[in-house]
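These numbers were taken from a predicted model, which means no experiment stands behind them. What you see below is based on every heavy atom in this structure, not just the backbone, and it leaves out hydrogens, waters and symmetry mates.
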Amino acid sequence: MLYLGEESVTLLTFKGIAVVIMGVSGAGKSTIGEMLAKFMNGSFLDADDYHPLSNKEKMHKGIPLTDEDRIPWLETLQDTLRESLISGKFVILGCSALQKRYRNILRSADPNYDVGSYASVVKFVLLDAPAEVLAARLEKRAAEGNHFMPAKLLQSQLDLLQIDELEGIFKVDATLSPQTIISIIYTWIFPPQENKNL
């Protein structure tokens, strides 16, 4: 048994799956996450919705977040993912998750996660695109008034992005059509031998 506060969870008894659609601002996390959740009859969580007002205000002013800002936010996301996993739900989280230590907080939503093993039911998909494509998307969004993250913070996010090949993060070209990206991710989550009976 694994004890989590007042509740205990028997190892390997839950059927939930979590997929984190990650990347810097402008990569398409919300668009792809919402589409994938709908396609798979799951739920979509936008990590931006979990930021406290103080974080949103900093980003709106063009001030990069610190770990002191990010860690409590990531721990809230971890708790939310854990509840979904234990309930047996399929959940998609759109979250920047730029650094390994941030992703380990999210991986730890899996009650069975052995820290450092990277073996978790929380999987990561990186939406990868050239900086100029990302900047153009952010500028378009800002002009439409659709996002609190200014394009000038993009470089600070790109500088923070850290990928370790050992983590098994699945990279997808974010310049492909959304439908193609959804199909690629679905096939990765459920390889053909597994989805024959779906």
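Annotation: the span from Asp110 atom CG to Gln78 atom CD amounts to 10.5 Å, rounded to 0.5 Å. In this structure, OH on Tyr113 lies 11.0 Å from CD1 on Ile105, to the nearest 0.5 angstrom. Atom CG of Asp48 sits about 6.0 Å away from atom CE of Met59, to the nearest 0.5 Å. In this structure, OG on Ser96 lies 5.5 Å from CD on Gln157, to the nearest 0.5 angstrom. With rounding to the nearest 0.5 angstrom, the CG atom of Leu85 is 7.5 Å from the OG atom of Ser120. One distance of note links CG of Leu45 with CD1 of Ile21; it measures 12.0 Å at 0.5 Å rounding.
Cluster annotation: Phe190 and Phe170 are assigned to the same hydrophobic cluster (Ile/Leu/Val/Met/Phe/Trp/Tyr, side-chain heavy-atom contacts under 4.5 Å, transitive). Leu158 and Tyr102 fall within a single hydrophobic cluster, where Ile, Leu, Val, Met, Phe, Trp and Tyr side chains are chained together by heavy-atom contacts under 4.5 Å. One hydrophobic cluster holds both Trp188 and Phe44 under the rule that ILVMFWY side chains link at heavy-atom gaps under 4.5 Å. Both Ile71 and Leu161 are assigned to one and the same hydrophobic cluster, defined by single-linkage of ILVMFWY side chains at heavy-atom distances under 4.5 Å. Both Ile184 and Met35 are part of a single hydrophobic cluster, where members link through side-chain heavy atoms under 4.5 Å apart.
Around CG of Asn41, the count of heavy atoms belonging to other residues, nucleotides or ligands within 6.0 Å does not exceed 12. The number of heavy-atom neighbours closer than 6.0 Å to CD of Glu132, taken from other residues, nucleotides and ligands shown, is above 12.
Nearest approach of Leu81 to Ala109, heavy atoms of both residues: CB-CB, 3.6 Å. Taking all atoms of both residues into account, the shortest heavy-atom contact from Ala47 to Trp73 is O-NE1, 2.9 Å. In terms of heavy atoms, Lys171 sits closest to Glu165 at NZ-OE2, 4.2 Å. Shortest non-hydrogen contact noted between Leu138 and Gly26 is CD2-N, 3.8 Å. The nearest pair of heavy atoms linking Val115 to Ser108 is CG2-OG, 4.3 Å. In terms of heavy-atom proximity, Ile92 sits nearest to Gly33 at CG2-CA, 3.7 Å.
For Asp173, there are no salt bridge (Lys or Arg N to Asp or Glu O under 4.0 Å) partners at least two apart in sequence or on another chain.
Sorted pairs that involve residues 118-141 and meet ring pair (Phe, Tyr, Trp, His ring centres under 6.0 Å), not counting sequence neighbours, are lacking altogether.
Looking only at distances, a side-chain donor or acceptor of Arg137 sits under 3.5 Å from a matching main-chain atom of Ala27. No donor-acceptor distance shorter than 3.5 angstrom exists from the side chain of Lys29 to the backbone of Leu93, with no hydrogens or angles considered. Not one N or O on the side chain of Arg107 forms a donor-acceptor pair closer than 3.5 Å with the backbone of Val122. A donor-acceptor pair under 3.5 Å is formed between the side chain of Gln99 and the backbone N or O of Leu160.
For the pair Leu134 and Ser25, the minimum side-chain heavy-atom distance is 4.5 Å or more. Here the side chains of Pro130 and Thr175 are in contact, with some heavy-atom distance below 4.5 Å. When side chains are defined from C-beta on, Ile182 does not count as touching Lys38, because their heavy atoms never get closer than 4.5 Å. Side-chain atoms of Ile17 and Val121, non-hydrogen and from C-beta on, never get closer than 4.5 Å to each other. Ile32 has its side chain within reach of Ile185: a pair of non-hydrogen atoms, C-beta onward, lies under 4.5 Å apart.
There is a side-chain donor-acceptor pair under 3.5 Å between Thr66 and Asp69. Between the side chains of Asn104 and Arg101, no donor N or O sits under 3.5 Å from an acceptor N or O.
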Original post:
Where do Val19 and Met40 land on the side-chain contact (heavy atoms from CB on, under 4.5 Å) test, with the steps shown first?
Top reply: CA-CA 11 Å; Val19 177; Met40 305 200 59; over 6 Å; no
Subject >> Thr80/Val91 under side-chain contact (heavy atoms from CB on, under 4.5 Å): CA gap, chis, key distance, verdict >> reply: CA-CA 10 Å; Thr80 305; Val91 63; over 6 Å; no
